[in-house]
Novice: 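Dropping a structure here in structure tokens format, bear with me for questions.
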Amino acid sequence: MERVLGIGGYFLRATDPVSLGAWYRDSLGLDADEHGLWRQDTGPTVFATFESGTDYFGSRTQQTMLNFRVRDLDAMLTQLRAGGADVAEETQEMDGVGRFGWVTDPEGNRIELWQPA
């Protein structure tokens with residue numbers, strides 16, 4: 001059986017794609033080229049399904065949630081708050097998995113930030 005090799009891309013609709021791309025670059029350090037190509041660090045990727053009624057993604061109209069691995073969750077959340085981003089107050093820790101925090105991008109997409117254990 002053929003298998004996928006990894007995530008090849010993640011695409012977002014936006015009312016202002018240029019500004020949203022700049023927010024990801026300036027707020028999260030996602031340094032993609034003019035074609036959106038971003039060379040990420042090696043590490044785990046989680047693919048999981050959730051019940052359709054989950055509130056975990058924020059708005060029920062949001063069908064997917066992007067999760068980024070980070071080195072230092074507290075430093076990233078502090079940086080985002082200093083930049084005026086909409087950062088959730090709560091964080092979550094899962095034994096053996098790591099710590100999680102959330103930010104909402106300027107288009108209203110809730111993003112999860114994960115500091116692996």
Side-chain angles (χ1 to χ4, degrees):
M1 175 183 162
E2 282 295 317
R3 298 184 185 277
V4 297
L5 303 175
I7 302 296
Y10 189 84
F11 309 100
L12 296 168
R13 295 177 196 265
T15 56
D16 186 346
V18 172
S19 291
L20 188 60
W23 184 87
Y24 277 85
R25 180 192 65 237
D26 298 342
S27 297
L28 298 174
L30 200 155
D31 193 21
D33 71 13
E34 69 274 9
H35 304 291
L37 182 62
W38 168 52
R39 302 268 180 211
Q40 60 185 304
D41 291 348
T42 301
T45 298
V46 175
F47 180 84
T49 57
F50 286 74
E51 292 290 331
S52 63
T54 187
D55 291 326
Y56 194 68
F57 297 179
S59 168
R60 293 240 174 134
T61 61
Q62 185 173 331
Q63 294 296 304
T64 65
M65 184 170 59
L66 184 56
N67 171 297
F68 287 117
R69 280 179 275 117
V70 299
R71 182 182 55 79
D72 183 332
L73 180 63
D74 293 327
M76 177 61 82
L77 296 176
T78 298
Q79 173 182 298
L80 288 165
R81 285 186 181 106
D86 180 8
V87 179
E89 289 299 320
E90 75 277 3
T91 60
Q92 179 183 4
E93 185 160 352
M94 294 178 66
D95 288 339
V97 177
R99 296 181 58 232
F100 300 89
W102 299 270
V103 61
T104 301
D105 77 17
E107 294 272 343
N109 301 297
R110 182 174 162 108
I111 300 162
E112 185 168 67
L113 303 170
W114 171 33
Q115 178 182 326

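Atom set for the values below is all heavy atoms of this structure, side chains included, hydrogens, waters and symmetry mates excluded. Positions are given from 1 along the sequence.
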Novice: Does a side-chain heavy-atom distance below 4.5 Å link L28 with M76?
Specialist: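 In contact.
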Novice: Side-chain heavy atoms under 4.5 angstrom apart, residues restricted to Ile, Leu, Val, Met, Phe, Trp, Tyr: same cluster for Y56 and V87?
Specialist: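 Not linked; separate clusters.
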Novice: I'd like to check W102 versus M65 (side-chain heavy atoms, cut-off strictly below 4.5 Å). Are they in contact?
Specialist: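 The answer is yes, as the side chains (C-beta and beyond) meet within the 4.5 Å cut-off.
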Novice: For atom CG of L37, decide whether the heavy atoms of other residues, nucleotides or ligands shown that lie under 6.0 angstrom number more than 12.
Specialist: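 Counting other residues, nucleotides and ligands, CG of L37 exceeds 12 neighbours.
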Novice: Spell out, as yes or no, whether a donor-acceptor pair under 3.5 Å connects the side chain of E107 to the backbone of T15.
Specialist: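 Such a contact is found between E107 side chain and T15 backbone.
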Novice: Less than 4.5 Å apart, side chain to side chain, heavy atoms only: is that true for D105 and L20?
Specialist: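 Yes, close enough: below the 4.5 Å cut-off.
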Novice: Would you find a donor on one side and an acceptor on the other, under 3.5 Å apart, between the side chain of R69 and the backbone of D41?
Specialist: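 Pair found, side chain donor or acceptor close to backbone of D41.
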Novice: Considering all heavy atoms of both residues, which atom of I111 and which atom of W23 are nearest to each other, and what is their separation?
Specialist: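 Smallest heavy-atom distance, with atoms named: CD1-CZ3, 3.9 Å.
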Novice: Can you check whether Y24 reaches F68 side chain to side chain, under 4.5 Å on heavy atoms?
Specialist: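 Contact flag for Y24/F68 side chains = yes.
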Novice: Flag the pair D55 and R60 as a salt bridge only when some basic side-chain nitrogen lies within less than 4.0 angstrom of an acidic carboxylate oxygen.
Specialist: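 The answer is yes: the pair qualifies as a salt bridge.
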Novice: Quick one: does Q115's side chain get under 4.5 Å of D74's, heavy atoms only?
Specialist: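 The answer is no; the side chains never approach within 4.5 Å.
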Novice: Considering only heavy atoms from C-beta outward, does the side chain of V46 approach that of V97 to under 4.5 Å?
Specialist: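 They are not in contact (no side-chain heavy atoms under 4.5 Å apart), so the answer is no.
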Novice: With side-chain contact (heavy atoms from CB on, under 4.5 Å) as the criterion, how do L66 and N109 come out once you've worked through the C-alpha distance, each side chain's angles and the decisive distance to 0.1 Å?
Specialist: CA-CA 9 Å; L66 184 56; N109 301 297; over 6 Å; no
Novice: So which atom in T91 and which in G101 form the shortest heavy-atom distance, rounded to 0.1 Å?
Specialist: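 Looks like CG2-CA, 4.4 Å.
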Novice: Tell me whether the rings of F57 and F50 are parallel (<30°), tilted (30 to 60°) or perpendicular (>60°).
Specialist: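 The arrangement is perpendicular - the two ring planes meet at more than 60°.
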Novice: Please check if the number of heavy atoms outside E51 that lie under 6.0 Å from its CD is greater than 12.
Specialist: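 No, not enclosed.
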Novice: Would you compute the distance between atom CH2 of W114 and atom CG of N67 and round it to the nearest 0.5 angstrom?
Specialist: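 Reported value, rounded in 0.5 Å steps: 6.5 Å.
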